[in-house]
Amino acid sequence: MLVLGFESSCDETGVALVRVPAPGSAEAPQLLAQALHSQISMHQAYGGVVPELASRDHIRRVIPLTREVLAGAGIALTDVDLIAYTQGPGLAGALLVGAGVAVSLAAALEKPTLGIHHLEGHLLSPFLSADAPEFPFVALLVSGGHTQLMRVTEVGQYEILGETIDDAAGEAFDKSAKLLGLPYPGGPHLAKLALNGDSTAFELPRPLLHSGKPDFSFAGLKTAVLTQVKRLGEAPTDQQKADLAAATQAAIVEVLVKKSMLALKMTGLKRLVVAGGVGANSVLREQLNAACAKRGVRVHYPELSLCTDNGAMIAMAAAMRLQRGMAILPPTGQGAGGFEIKPRWPLGAIS
Ligand code: KG4
Ligand code: ZN
């Protein structure tokens, strides 16, 4: 079976086509083609995502990207068996575009649809890599809007062990980067600046590091970075900025690594899966690799290009649900046309 997937929850329009092996087969679903358009350069002038501009750009991009994917895979639209889309969480207007297109296509083709949770897409994205994980595992989900540790027993079985009580790790990267005068989205820019910095040059807090629970808090770190930026005055040197970037990254990474190790200890599991945009951070990867190697834990990451939002992870999540018989396909044409998006949708509520 063929699954066409759409992602449009924020500032990336993603479309992908995945082939699903027969039910019960041990073979993994296979990515046939994908296309992505990032709106980053469009939002950069505003220092963050402008929701209305995001929705309009999704409208412009989604059909050409779909054509590109189908042509790339050499597949006709009529051969698609299931149309998946990000149902939430995300920006309401942006979600409506992907959902509207998916449901309209499905109605025209008389094919079923499946709404996917965006975070489930991130969580299952490492299954698209050559070194795919096996269930069960601990997942560290670190995106722009979420920071969670989970016990993942199977597709759809997600037990939240701990999460942030305020800002997400990606938000901490982005807000600190903004204070350092870096463009949106700050995470990758801050990481690049940190390459030339000394992380010990500034002392920054590691909130909740010793709480004994796999929970996080990053709001205080941003305030501490603001205090340091003010102290540096009007014209900080490039070295000072690089040092502060390195110190910020070190603080975020230390907390993420320590809490991941705690979650592994709590669950007794020996496998860690990292997902979400911050999972692309190379210092985080280095330190997680070292900490996991010490404890005999296998760690899996998505391909670098699949850490941030994309259509492949949505098509993959739908394919994995389909393969397990979890996606019940309604009879052709029935219920076509109606759909619901869920801008706020806790992951714990999806099983
Ligand atoms: O998962 P994602 O694409 O979007 C959400 O669903 O939120 O994550 C985006 C986040 C942003 O905060 C971005 O700054 C961060 O991931 N990010 C990084 C890196 N690449 C992306 N943060 C630190 N280092 C990176 N290399
Ligand atoms: Zn995301």
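Counting convention: from 1, in listed order, for ligands and their atoms alike.
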- Before signing off on this row, confirm whether H118 and ligand 1 have an N or O atom pair separated by under 3.5 Å. yes
- Task: Please confirm whether F135 and F127 have ring centers closer than 6.0 angstrom.
- Result: yes
- Is it possible for you to say whether V278 and V49 belong to one hydrophobic cluster, with membership spreading through side-chain heavy-atom contacts below 4.5 Å? no
- Message: Given the Zn ion (ligand 2) as the apex, I'd like the angle to NE2 of H118 and NE2 of H122, rounded to 10 degrees.
- Response: 100°
- Query: Is there a side-chain contact between P89 and H117 (heavy atoms, below 4.5 Å)?
  - Reply: yes
- Crowded around K178 NZ? As in, over 12 foreign heavy atoms under 6.0 Å? no
- Note on the structure: of all protein heavy atoms, closest to atom 11 (C) of ligand 1 is D174 OD2, 3.5 Å
- Message: Counting only heavy atoms closer than 4.0 Å, does ligand 1 sit against the backbone of E12, its side chain, both, or neither?
- Response: neither
- Query: Is there a nitrogen or oxygen of G277 sitting under 3.5 Å from a nitrogen or oxygen of ligand 1?
  - Reply: yes
- So is there a nitrogen or oxygen of G144 less than 3.5 Å from a nitrogen or oxygen in ligand 1? yes
- Message: When you measure from the heavy atoms of C10 to every atom of ligand 1, does any distance fall below 4.0 Å?
- Response: no
- Query: Under 3.5 Å, is there a donor-acceptor pair between the K111 and T78 side chains?
  - Reply: no
